[in-house]
Every structure is written in C-alpha cells, then in structure tokens.
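Values below: all heavy atoms of this structure, side chains included; hydrogens, waters and symmetry mates excluded.
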Amino acid sequence: ASNASVVLKFDLTVSLEHPWGLAATEFKNRIEEKSGGSMTVEIYPSSTSGSEADSLAGMLVGTTSMTMSGGSFGKGIMQDFEDAGFKVLWYQLRGPRELTSNVPINKASDLQGRKMRMSGNVLHNSMWTAAGAITSAIALSETFNALSQGVVEMQENPYDMIYDNSFYEVQKYVNQTDHVYSTIFNLLSVDIWNGLSEDQQNIITETSNEMQDWTNEYYFAHKDEYLDKLKEAGMQVNEDVDRDDIKNAMMPAIEEFLKS
C-alpha cells in the first residue's frame with residue numbers, strides 16, 4: 001500500500017444538518033487536513049446514493065467506501081460487521097425509537113390491523129407483527145411518500161430521524177414507546193482499509209478515536225432538541241403509552257429471536 005491519493009465516498013441516509021451529517025463533515029475536514037490532501041472524503045447525503053442496504057452492498061463491490069448502519073449495543077454487533085467485510089470506525093449514540101401515527105397509540109390493541117413501515121430489520125419487524133401491526137419493509141427515502149399516500153399509516157424512528165425526514169408533515173402523533181435503544185456505526189470497507197498506507201490507516205484510526213469523543217459530546221449536548229423541534233412543528237406528543245402492555249405483546253417474538 002502506498003501514500004497514493006485516495007477518495008473516500010461516504011454515503012449518508014440523513015441530511016448534512018443532521019447530527020450524523022455534522023459528524024461526517026467534521027470527519028472529512030480532519031482527515032483532509034491531517035493527510036495533507038492525500039485523502040479526500042466526498043459526502044453523499046440524504047440517500048442520494050440509494051438506501052442503507054444499497055450502500056452496504058456498494059462497499060462490498062467497491063462502488064462506495066463508507067456508510068452508517070445501525071445495531072444494538074455490544075461487541076457482538078461490531079464483530080458481525082467486521083466478519084461481513086466492514087471496519088467499524090466509531091459509533092454514535094441514538095435516542096430511543098418512537099412510534100408515529102395519526103391517532104394516539106396507547107396500548108397493543110390500538111395497533112391491531114394498522115399498516116406500519118419497517119426498515120427491514122427482522123427482529124423489529126417480528127416484534128411489531130406480534131403486537132398486531134401489519135408491517136411493510138420500505139426504504140427510509142420512500143417512507144414520507146408511503147405515509148402521505150396512505151400505503152402505511154405508522155412508522156418508528158428516533159426523534160432526530162422523524163424530524164430530518166419531515167414526518168411531522170404527514171403524522172400527527174409521536175407516541176413515546178421507547179421500544180428500542182440502539183447505536184449507529186460508521187463503517188469503512190475492509191478492502192479500502194487494506195489498500196491504504198500505514199500512515200493513512202493511522203490517520204483514520206486517530207481521527208476515528210477523536211470522532212468518538214466528538215459525537216458523544218454532541219449527543220449529550222443536543223439530545224433533547226429534536227423533541228422540541230417536533231413539538232414546534234405541530235406534532236402532539238403522546239406520553240400516555242402503556243409500554244408494558246406493548247412490550248408484553250412483543251415478548252413472544254423477542255424470545256423466539258433469542259432462541260434462533
């Protein structure tokens with residue numbers, strides 16, 4: 001591997017104004033400065049390069065270099081990414097996932113027969129199906145239109161994603177289900193990593209460590225802002241959610257998943 005100039009293509013499903021977009025820009029600036037221009041980072045925000053799944057597939061065939069993908073806490077998920085051909089650079093904390101809808105959802109029986117957008121995550125999908133929803137896997141970039149046209153009537157995401165995707169324009173309620181806490185990982189193609197010089201690898205490792213601190217500080221400083229923004233945009237916050245009732249309805253699916 002040589003110090004030849006390298007262009008890292010960084011795909012995002014969010015806007016540059018979103019916390020992940022701000023972090024990607026900070027990463028870009030630090031990498032380009034430290035490498036003296038031998039590494040440049042091109043950011044493609046708001047799913048301009050396709051869905052998260054498209055970007056992950058693109059990293060394996062060499063059409064893109066970096067993206068972000070979610071997972072639960074723990075070393076296991078990081079190892080899973082590494083085994084699949086992705087190098088984990090740093091993770092970012094996320095707020096809990098909340099359910100949005102056009103009627104208040106207070107308990108599992110309120111979900112019966114209601115059509116819901118899911119990301120394609122197998123466990124999340126089976127949890128909501130067990131609780132009574134009729135789920136469909138729809139790409140994030142297509143979800144606004146699906147809600148607008150009534151293809152689905154509910155979706156679930158953390159507050160920042162609800163705001164960044166303007167779901168407040170097509171959903172009246174954010175129901176505080178707090179049903180999943182997770183992280184998002186910044187990933188680099190292992191093939192690209194292996195093609196870098198030792199100097200370039202060291203710059204990426206050092207910058208990623210710095211970004212871990214930067215993103216943690218940013219998260220705790222700003223984590224409550226997006227709920228406030230949703231309220232200002234006119235969404236009604238439903239705090240009257242029987243989380244235990246919904247959790248109990250989901251438990252058979254969770255237990256089945258843990259057995260597999």
Side-chain angles (χ1 to χ4, degrees), residues 1-49 52 54-95 158 160-161 164 181-223 225:
S2 68
N3 257 333
S5 63
V6 173
V7 177
L8 300 176
K9 186 181 170 197
F10 195 166
D11 290 352
L12 295 177
T13 56
V14 296
S15 68
L16 291 176
E17 291 76 37
H18 184 277
W20 306 346
L22 297 175
T25 302
E26 186 70 21
F27 175 80
K28 166 187 168 70
N29 292 342
R30 292 183 186 213
I31 288 289
E32 292 177 356
E33 183 179 346
K34 287 181 188 183
S35 70
S38 87
M39 287 188 283
T40 52
V41 180
E42 295 178 352
I43 302 173
Y44 295 82
S46 303
S47 301
T48 45
S49 295
E52 179 184 315
D54 293 333
S55 296
L56 291 169
M59 288 166 71
L60 296 177
V61 298
T63 55
T64 195
S65 322
M66 294 181 64
T67 194
M68 305 176 77
S69 189
S72 302
F73 292 100
K75 288 275 167 62
I77 185 92
M78 293 177 71
Q79 192 59 52
D80 289 345
F81 277 125
E82 302 267 347
D83 293 345
F86 307 106
K87 181 170 180 62
V88 177
L89 299 184
W90 78 94
Y91 69 85
Q92 295 182 214
L93 297 169
R94 306 184 73 177
D160 54 304
M161 298 298 279
D164 198 58
Y181 285 81
S182 62
T183 45
I184 194 90
F185 296 93
N186 291 267
L187 306 173
L188 174 68
S189 157
V190 165
D191 288 341
I192 287 177
W193 171 259
N194 290 337
L196 298 174
S197 69
E198 189 177 345
D199 281 349
Q200 289 169 332
Q201 289 180 344
N202 288 340
I203 288 169
I204 286 181
T205 299
E206 178 188 323
T207 305
S208 298
N209 290 339
E210 292 170 4
M211 291 307 303
Q212 188 64 72
D213 292 337
W214 189 94
T215 52
N216 284 352
E217 285 175 20
Y218 189 93
Y219 172 78
F220 287 109
H222 299 275
K223 67 185 179 67
E225 289 176 8

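Rounded to the nearest 0.5 angstrom, Ser38 OG and Asp199 CG are separated by 8.5 Å. Considering CG of Asp191 and NZ of Lys87, their distance stands at 13.0 Å, rounded to 0.5 Å. Note: Ile204 CD1 to Ile192 CD1 = 9.0 Å, rounded to the nearest 0.5 Å. Atoms CE and NZ, from Met39 and Lys28 in turn, are 12.5 Å apart once rounded to the nearest 0.5 Å. Note that OH of Tyr91 is 8.0 Å distant from OG1 of Thr215, once rounded to the nearest 0.5 Å. Residue Trp214 holds its CH2 atom at 5.5 Å from CG of Leu22, rounded to the nearest 0.5 Å.
Under the 3.5 Å distance criterion, the side-chain polar atoms of Asp164 are matched with a main-chain donor or acceptor of Ser15. A donor-acceptor pair under 3.5 Å links the side-chain atoms of Gln200 to the main chain of Ala4, judged by distance alone.
Residues Thr205 and Asn209 meet the side-chain proximity criterion, which asks for heavy atoms closer than 4.5 Å. When side chains are defined from C-beta on, Phe10 counts as touching Asn186, because their heavy atoms get closer than 4.5 Å. Contact of the Met211 side chain with the Thr207 side chain is registered, since non-hydrogen atoms from C-beta on lie closer than 4.5 Å. In this structure, the side chains of Leu89 and Phe27 come closer than 4.5 Å at one or more pairs of heavy atoms. The side-chain heavy atoms of Leu188 and Leu8, taken from C-beta on, include a pair separated by under 4.5 Å. Counting heavy atoms from C-beta on, the side chains of Leu12 and Thr67 never come closer than 4.5 Å.
Every pair passing salt bridge (Lys or Arg N to Asp or Glu O under 4.0 Å) that includes a residue from residues 203-212 is listed here, sequence neighbours excluded: Arg30-Glu210, Lys34-Glu206, Lys34-Glu210.
Across every non-hydrogen atom of Leu187 and Ser69, the tightest pair is CD1-CB, 3.9 Å. Of all non-hydrogen atoms in Val14 and Gly21, the two that sit nearest each other are CG2-N, 4.0 Å.
Within a 6.0 Å sphere centred on CD of Glu82, other residues, nucleotides and ligands contribute more than 12 heavy atoms.
In this structure, the side-chain hydrogen bond (donor to acceptor under 3.5 Å, both in side chains) partners of Trp90, at least two apart in sequence or on a different chain, are Gln92. With sequence neighbours left out, the side-chain hydrogen bond (donor to acceptor under 3.5 Å, both in side chains) criterion links Ser55 to Asp11.
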